[in-house]
Amino acid sequence: MKKNILLLSIFTFVLLVGKRAAAQDYRVAAGLKFSYEFGPTVKYFMDNTDALEAELGLRSHGVVFTGLWERHIPAFNVEKLKFYYGFGAHIGGVGAGTYKRFNGDNVDYANNSILIGADGIVGLEYIVPDSPIGISLDLDPRLELGRGPYFDIAPGLGLKYIF
């Protein structure tokens with residue numbers, strides 16, 4: 001029930017503030033991200049190149065909120081294709097258990113644990129011409145400080161609806 005209320009709140013916010021910008025492909029987009037966490041994401045462009053992105057990542061017995069600043073620049077002279085990079089932070093929690101990281105190692109949590117740390121992002125985003133759909137592929141390096149320190153990097157796939 002709480003997940004449904006949160007998703008409804010995010011999409012309502014996006015509908016209220018979303019307007020297309022003439023100088024760029026879009027101003028606001030919302031969608032889903034598939035990485036070591038899966039969940040909703042919202043991206044908001046502050047100007048033609050800089051965006052803020054918020055991700056709510058759901059994982060086995062836990063949840064992580066990630067906030068990112070991103071810089072977008074044209075890529076490979078392909079219309080509607082942008083390269084982006086940025087940084088941010090995450091905070092969340094997981095229950096006791098063993099979790100497999102993308103590098104193959106296992107991380108054991110004996111108790112409920114708080115996750116907190118620094119994040120980076122580098123990727124490509126493509127806006128499908130004549131449609132409200134955006135697709136992104138990125139790498140998300142993460143430095144976990146709350147249960148570490150340890151470093152991990154995960155690939156991510158994003159699908160977004162552009163408002």
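Taking the side chain as every heavy atom from C-beta outward, Val94 and His61 never approach each other to under 4.5 Å. No side-chain heavy atom of Asp140 sits under 4.5 Å from any side-chain heavy atom of Tyr36. Looking only at side-chain heavy atoms (C-beta outward), Leu157 and Asp138 stay at 4.5 Å or farther from each other. Contact of the Leu68 side chain with the Leu52 side chain is not registered, since no non-hydrogen atoms from C-beta on lie closer than 4.5 Å.
Atom CG of Leu159 has more than 12 heavy atoms from other residues, nucleotides or ligands within 6.0 Å.
Using the six-membered ring where Trp is involved, Phe34 and Phe38 have ring planes that are tilted, between 30° and 60° apart.
In the hydrophobic clustering of this structure, Tyr161 groups with Ile135; members are Ile, Leu, Val, Met, Phe, Trp, Tyr whose side-chain heavy atoms approach within less than 4.5 Å, directly or through other members.
Atom CD1 of Ile73 and atom OH of Tyr85 lie 5.5 Å apart (nearest 0.5 Å).
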TODO: Walk me through it: do Phe83 and Val122 pass the test side chain to side chain contact (heavy atoms under 4.5 Å, CB included)?
DONE: CA-CA 8 Å; Phe83 169 75; Val122 59; 3.5 Å; yes
- [ ] Using the side chain to side chain contact (heavy atoms under 4.5 Å, CB included) rule, take Ile162 and Ile127 through it: C-alpha gap first, then chi angles, then the decisive distance, then the call.
- [x] CA-CA 9 Å; Ile162 296 166; Ile127 307 304; 3.5 Å; yes
- [ ] Assess whether side chain to side chain contact (heavy atoms under 4.5 Å, CB included) is satisfied between Met46 and Arg27, documenting all intermediate values.
- [x] CA-CA 8 Å; Met46 299 175 293; Arg27 176 66 95 199; 5.8 Å; no
Open item on the list: Quick one, Thr41 with Glu53, criterion side chain to side chain contact (heavy atoms under 4.5 Å, CB included). Give me CA distance, side-chain angles, the key distance, then yes/no.
Closed with: CA-CA 7 Å; Thr41 179; Glu53 186 163 9; 2.7 Å; yes
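Side-chain atoms of Thr66 never come within 3.5 Å of backbone atoms of His90 as a donor-acceptor pair (strictly under, hydrogens ignored). At distances below 3.5 Å, at least one donor-acceptor pair connects side-chain atoms of Glu144 with backbone N or O atoms of Ile116.
Here the shortest heavy-atom pairing between Ser131 and Val128 reads OG-O, 2.9 Å. Scanning all heavy atoms of the two residues, the minimum distance from Lys82 to Ala75 falls at C-CB, 4.0 Å. Among all heavy-atom pairs drawn from Lys43 and Ala51, the shortest one is CG-CB, 3.9 Å. Pairing each heavy atom of Thr49 with each of Asp47, the nearest pair is N-OD1, 2.9 Å. Shown here for Leu81 and Phe76, the closest heavy-atom pair between the two residues is CD2-CD1, 3.8 Å.
The ring pair (Phe, Tyr, Trp, His ring centres under 6.0 Å) check on Phe87 picks up Trp69, with sequence neighbours excluded. With sequence neighbours left out, the salt bridge (charged side-chain N to carboxylate O under 4.0 Å, His left out) criterion links Glu55 to Lys33. The ring pair (Phe, Tyr, Trp, His ring centres under 6.0 Å) check on Tyr84 picks up His72, with sequence neighbours excluded.
Using a 4.0 Å cut-off between charged side-chain N and carboxylate O, Lys80 and Glu125 make no salt bridge.
Tyr26 and Phe45 have their aromatic ring centers within a separation under 6.0 angstrom.
Only one option out of Ile153, Ile121, Val64, Leu115 pairs with Arg142 in a side chain to side chain contact (heavy atoms under 4.5 Å, CB included); it is Val64.
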